[in-house]
Colleague: 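My structure is below; once you've seen it, I'll send some questions.
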Amino acid sequence: MISNVFVFCGAVTLAILVVILLATVSPLPHSNSSSKPLVALSLYIQQPQTAALPNPRTVAPPPDAGALIFHRVLTEGPKNTSRVVGKAQGFFIPVKQFAHSGFNIIYLTFDTHEYSGSVSIQAKNPEDDQKDELSVVGGTGSFAFVRGMAVLTRKDEHDTDLVVPYHIRLHLKYPNRSETIPAG
């Protein structure tokens, strides 16, 4: 009878120690801080350096253009000699009916030791000549499934540079990794 009591007490003590050990070793759930982006990047989309353009500041297509397709260099700084971090490519139809079309996408592709992958941004017809707020709709690689906002601005019109780069600020959030996506 006494041996059964010792076994029972030993089993209860062992169970309590296991619970305490698991509570101290198990990872804590991450707090969901939605007020701050997890990744904030500031980059520049360089414009082509060519004297053939009549007005190098103008990058918008003529009003009768069917589509704008572009391929540009993405740099860390505003100068065209800044470190290249990737490329910016895009396609959009500059017609009001296509302003929020799924066809209008800008892809920023990164190839650095910090980031490898791409960010997809939904483009739209510019409403303001100086600033556009665009939606980040996904990504690949280091940016898999990101969402967020991209703020696209042009450098000041009083700048003396002949070719003005676009400044793009990305505010990216990653999905909650603990949520599962149901199979369809």
Side-chain angles (χ1 to χ4, degrees), residues 33-50 53 55-62 65-157 159 161-177 179 181:
S33 174
S34 60
S35 63
K36 294 183 181 180
L38 292 177
V39 175
L41 299 172
S42 177
L43 306 160
Y44 293 85
I45 300 173
Q46 297 296 328
Q47 300 303 319
Q49 304 293 320
T50 176
L53 292 175
N55 181 358
R57 291 182 182 273
T58 305
V59 295
L68 174 64
I69 301 168
F70 64 91
H71 180 88
R72 303 285 190 262
V73 174
L74 191 62
T75 63
E76 281 184 333
K79 300 290 182 190
N80 64 352
T81 56
S82 299
R83 181 177 92 129
V84 174
V85 294
K87 59 187 173 183
Q89 297 174 305
F91 175 88
F92 71 91
I93 301 170
V95 178
K96 192 171 191 164
Q97 292 86 345
F98 286 96
H100 298 285
S101 169
F103 292 113
N104 297 337
I105 296 289
I106 299 171
Y107 297 102
L108 303 179
T109 306
F110 295 83
D111 190 18
T112 67
H113 67 277
E114 297 101 351
Y115 301 108
S116 177
S118 67
V119 174
S120 302
I121 302 167
Q122 183 177 12
K124 61 181 178 179
N125 289 335
E127 296 170 5
D128 181 355
D129 287 343
Q130 294 300 317
K131 180 179 175 181
D132 288 319
E133 291 184 4
L134 308 171
S135 297
V136 174
V137 294
T140 64
S142 301
F143 304 101
F145 306 109
V146 294
R147 295 284 190 259
M149 182 175 65
V151 179
L152 184 66
T153 56
R154 287 94 177 147
K155 270 181 80 174
D156 184 32
E157 286 294 322
D159 196 318
D161 289 345
L162 287 177
V163 180
V164 180
Y166 283 87
H167 181 207
I168 189 161
R169 291 181 316 237
L170 299 173
H171 304 278
L172 306 174
K173 294 180 184 177
Y174 288 87
N176 185 350
R177 307 267 181 195
E179 293 178 9
I181 300 173

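In this text the structure is predicted, and so the values were computed from the model without any measurement.
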Colleague: When rounded to the nearest 0.5 angstrom, what is the spacing between NE2 in H171 and CD in E133?
Modeller: 8.5 Å
Colleague: Salt bridge (Lys or Arg N to Asp or Glu O under 4.0 Å): which pairs involve residues 107-116, sequence neighbours left out?
Modeller: R83-E114
Colleague: With a 4.5 Å cut-off on side-chain heavy atoms, are L41 and Y115 touching?
Modeller: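 They are in side-chain contact.
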Colleague: How long is the gap from CD1 on I45 to CG on L152, to the nearest 0.5 Å?
Modeller: 5.5 Å
Colleague: To the closest 0.5 Å, what do you measure between CD1 (I106) and OH (Y166)?
Modeller: 9.0 Å
Colleague: Among residues at least two apart in sequence or on other chains, which ones pass side-chain hydrogen bond (donor to acceptor under 3.5 Å, both in side chains) with H113?
Modeller: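 Here no residue qualifies.
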Colleague: Report the residues that fulfil side chain to side chain contact (heavy atoms under 4.5 Å, CB included) with T75, sequence neighbours left out, ordered by chain and then residue number.
Modeller: Y44, Q46, V73, S82, V84
Colleague: Taking all non-hydrogen atoms of both residues into account, name the closest pair between I105 and S120 and its distance.
Modeller: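 That closest heavy-atom pairing would be CG2-CB, 4.5 Å.
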Colleague: Does T140 form a side chain to side chain contact (heavy atoms under 4.5 Å, CB included) with F145? I'd like the steps, not just the answer.
Modeller: CA-CA 7 Å; T140 64; F145 306 109; over 6 Å; no
Colleague: Walk me through it: do V85 and L43 pass the test side chain to side chain contact (heavy atoms under 4.5 Å, CB included)?
Modeller: CA-CA 9 Å; V85 294; L43 306 160; 3.9 Å; yes
Colleague: Using every non-hydrogen atom in the two residues, find where S42 and H167 come nearest and quote the distance to one decimal.
Modeller: OG-NE2, 2.6 Å
Colleague: Scan for salt bridge (Lys or Arg N to Asp or Glu O under 4.0 Å) pairs involving residues 39-48, sequence neighbours excluded, and state none if there are none.
Modeller: none
Colleague: My understanding is that only residues two or more places apart in sequence, or in another chain, count here; which of them pass ring-ring contact (aromatic ring centres under 6.0 Å, His included) with F110?
Modeller: F143
Colleague: Do L108 and L170 pass the side chain to side chain contact (heavy atoms under 4.5 Å, CB included) test, and can you show the C-alpha distance, the side-chain angles, and the key distance before you say yes or no?
Modeller: CA-CA 10 Å; L108 303 179; L170 299 173; 3.9 Å; yes
Colleague: So do R147 and P175 actually touch side chain to side chain, heavy atoms under 4.5 Å?
Modeller: no
Colleague: Check side chain to side chain contact (heavy atoms under 4.5 Å, CB included) between S116 and all other residues, then give those that pass, not counting sequence neighbours.
Modeller: S142
Colleague: Measure the shortest side-chain to side-chain distance between Y174 and V39 over non-hydrogen atoms and say whether it is less than 4.5 angstrom.
Modeller: yes
Colleague: Could you walk me through whether I168 and I121 pass the side chain to side chain contact (heavy atoms under 4.5 Å, CB included) check?
Modeller: CA-CA 11 Å; I168 189 161; I121 302 167; 3.8 Å; yes
Colleague: At their closest point, which heavy atom of T153 faces which heavy atom of K131, and how far apart are they?
Modeller: CG2-CG, 3.7 Å
Colleague: Within the 3.5 Å criterion, strictly below it, is a donor on R72 or Q89 matched to an acceptor on the partner's side chain?
Modeller: no
Colleague: How about F70: does its CZ atom have over 12 heavy atoms from other parts shown lying under 6.0 Å from it?
Modeller: yes
